[in-house]
Amino acid sequence: MIIDTHTHLYVEEFDTDYKEVIQRAKEVGVGKFLLPAIDSTYTERMFRLQKAYPKEVFLMNGLHPCSVKADWERELAHVIALMQTHPNTFYAIGEIGIDLYWDRTFLEAQREAFSQQIRLAKAYHLPIVIHCREAFDEVFEVLESEKDEQLFGIFHCFSGNQAQAQRAISYGLKLGIGGVVTFKNGKIDTFLSSIALENIVLETDSPYLAPVPFRGKRNESSYLTYIIKKLAELYKVSENEIITKTTQNALEIFKA
Ligand SMILES: [Zn+2]
């Protein structure tokens with residue numbers, strides 16, 4: 001079984017055909033879908049999808065760094081309240097982190113929201129799922145102050161260099177690998193095989209970041225087959241071995 005550890009299946013892009021999208025994924029062997037949260041505007045949509053697919057869909061809870069705006073404290077309170085009103089519902093705190101690509105205005109708030117959510121994850125013994133864009137130094141700074149044996153999870157859509165990969169792993173994190181590994185200018189394909197497979201999980205980040213040959217189009221979980229094929233080439237192992245190892249890694253983290 002293949003696990004998509006990061007898909008936004010509940011967003012508007014999938015409104016008309018999510019059933020077919022899930023069916024196509026199942027046909028190529030994807031058995032579980034981990035859904036990262038964005039903010040309170042999507043909470044009901046996530047619950048609805050989970051109720052429709054209780055054996056396949058697993059939810060995360062969290063405030064995405066791009067949704068950290070002037071009202072971030074109220075958004076964070078919503079995340080904390082959900083942990084109390086919905087016990088045993090969430091499999092990770094995510095996606096959380098820092099994004100400086102669009103806007104640096106709320107950097108301080110992003111840092112604070114990230115730290116607080118890492119502590120929330122620890123309090124519930126849950127993994128974290130990190131979003132990091134143009135912010136490796138800032139994310140590592142927070143991780144450095146929060147690191148301990150309770151910290152674990154995934155560095156989602158990992159796009160850094162070899163040294164950054166090793167640093168992420170040193171904090172108890174695995175690398176989420178998706179479409180970027182198939183991009184000509186993606187760079188991670190140049191060193192990934194030096195990172196042990198024990199540290200890798202599969203993800204799409206759909207509807208975003210579709211792999212080649214669908215780059216620029218809507219992504220979906222069935223396209224994980226292209227990621228698996230690419231990883232088998234890079235690691236010089238069978239596609240089956242990629243599937244077995246990455247699924248084992250994902251189950252270890254999420255206990256889903
Ligand atoms: Zn995401």
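Worth knowing before you read on, the calculation uses all heavy atoms, side chains too, and leaves out hydrogens, waters and symmetry mates.
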message: Checking Lys229 against Glu239 for the salt bridge (Lys or Arg N to Asp or Glu O under 4.0 Å) test, could you report, in this order, the C-alpha distance in whole Å, the side-chain angles of both residues, the deciding distance, and whether it holds?
response: CA-CA 6 Å; Lys229 194 161 181 283; Glu239 293 185 21; 5.8 Å; no
Is there a side-chain contact between [X] and [Y] (heavy atoms, below 4.5 Å)?
X      : Y      : result
Ile227 : Val181 : yes
His156 : Pro36  : no
Leu175 : Ile154 : no
Leu63  : Ile96  : no
Gln117 : Glu112 : no

State plainly whether the residues [X] and [Y] are in salt-bridge range, i.e. N to O under 4.0 Å.
X      : Y      : answer
Glu198 : Lys174 : no
Lys245 : Glu241 : yes
Arg111 : Glu108 : yes
Asp39  : Lys69  : no
Lys122 : Glu149 : no
Glu233 : Lys236 : no

Taking a hydrophobic cluster as the set of Ile, Leu, Val, Met, Phe, Trp and Tyr residues connected by side-chain heavy atoms closer than 4.5 Å, whether directly or through intermediates, do [X] and [Y] fall within one such cluster?
X      : Y      : result
Ile3   : Ile242 : no
Tyr235 : Ile177 : yes
Val57  : Val30  : yes

field: Plane angle bin for Phe155 and Phe136 - parallel if under 30°, tilted between 30 and 60°, otherwise perpendicular
entry: parallel
Return the minimal non-hydrogen interatomic distance between [X] and [Y], and the atom names on each side.
X      : Y      : value
Phe183 : Pro211 : CE2-CA, 4.3 Å
Ser221 : Ala25  : CB-CB, 3.8 Å
Val68  : Ala113 : CG2-CB, 4.1 Å
Val201 : Ala250 : CG1-N, 3.9 Å
Glu13  : Arg218 : O-NH1, 2.9 Å

I'd like to know if the side chain of [X] reaches the main chain of [Y], judged simply by a donor and an acceptor atom lying under 3.5 Å from each other, with no hydrogens or angles considered.
X      : Y      : result
Asp148 : Leu151 : yes
Asn161 : Gln164 : yes
Thr182 : Val212 : yes
Thr247 : Met1   : yes
Thr89  : Pro87  : yes
Asn249 : Ile200 : yes
Thr5   : Leu202 : yes

Hey, could you give me the [atom1]/[atom2] distance between [X] and [Y], rounded to the nearest 0.5 Å?
X      : Y      : atom1 : atom2 : answer
Arg133 : Cys66  : CZ    : SG    : 7.5 Å
Gln110 : Leu100 : CD    : CG    : 5.5 Å
Cys157 : Asp205 : SG    : CG    : 5.5 Å
Leu209 : His6   : CG    : NE2   : 9.0 Å
Leu34  : Leu9   : CG    : CG    : 11.0 Å
Ile195 : Leu234 : CD1   : CG    : 12.0 Å

- request: Would you sort out whether Arg45 and Asp15 count as a salt bridge (Lys or Arg N to Asp or Glu O under 4.0 Å), showing the intermediate values?
  value: CA-CA 10 Å; Arg45 284 171 161 265; Asp15 273 357; 3.0 Å; yes
For the residue pair [Y] / [X], report whether a side-chain donor-acceptor contact shorter than 3.5 Å exists.
X      : Y      : value
Tyr171 : Glu146 : no
Glu220 : Thr204 : no
Gln248 : Glu252 : no
Glu73  : His78  : no

task: Evaluate whether atom NZ of Lys255 has more than 12 neighbouring non-hydrogen atoms of other residues, nucleotides or ligands under 6.0 angstrom away.
output: yes
- prompt: How about Asn185: does its CG atom have over 12 heavy atoms from other parts shown lying under 6.0 Å from it?
  reply: yes
- request: Before giving the answer on side chain to side chain donor-acceptor pair (under 3.5 Å), spell out for Glu27 and Ser222 the whole-Å C-alpha distance, their side-chain angles and the decisive distance to 0.1 Å.
  value: CA-CA 8 Å; Glu27 275 159 19; Ser222 67; over 6 Å; no
Step-by-step side chain to side chain contact (heavy atoms under 4.5 Å, CB included) determination, Met60 to Leu126: CA-CA 10 Å; Met60 305 183 202; Leu126 289 174; over 6 Å; no
Chi angles and distances behind the side chain to side chain contact (heavy atoms under 4.5 Å, CB included) call for Glu203, Asp4: CA-CA 5 Å; Glu203 62 169 48; Asp4 188 348; 4.1 Å; yes
- request: Begin from the C-alpha positions of Arg167 and Leu173 and carry the test side chain to side chain contact (heavy atoms under 4.5 Å, CB included) through to its verdict.
  value: CA-CA 9 Å; Arg167 190 162 175 197; Leu173 303 168; over 6 Å; no
- prompt: Can you list every pair that meets ring-ring contact (aromatic ring centres under 6.0 Å, His included) and has a residue in residues 24-60, with sequence neighbours left out?
  reply: Tyr10-Tyr42, Phe47-His86, Phe58-Tyr91
query: Passes side chain to side chain contact (heavy atoms under 4.5 Å, CB included), Phe254 versus Leu251? Steps please.
result: CA-CA 5 Å; Phe254 292 112; Leu251 292 175; over 6 Å; no
query: Would the Tyr226 and Phe214 ring centres measure less than 6.0 Å apart?
result: yes
task: Step by step, work out the side chain to side chain donor-acceptor pair (under 3.5 Å) result for Asn219 and Ser206.
output: CA-CA 5 Å; Asn219 197 3; Ser206 53; 5.3 Å; no
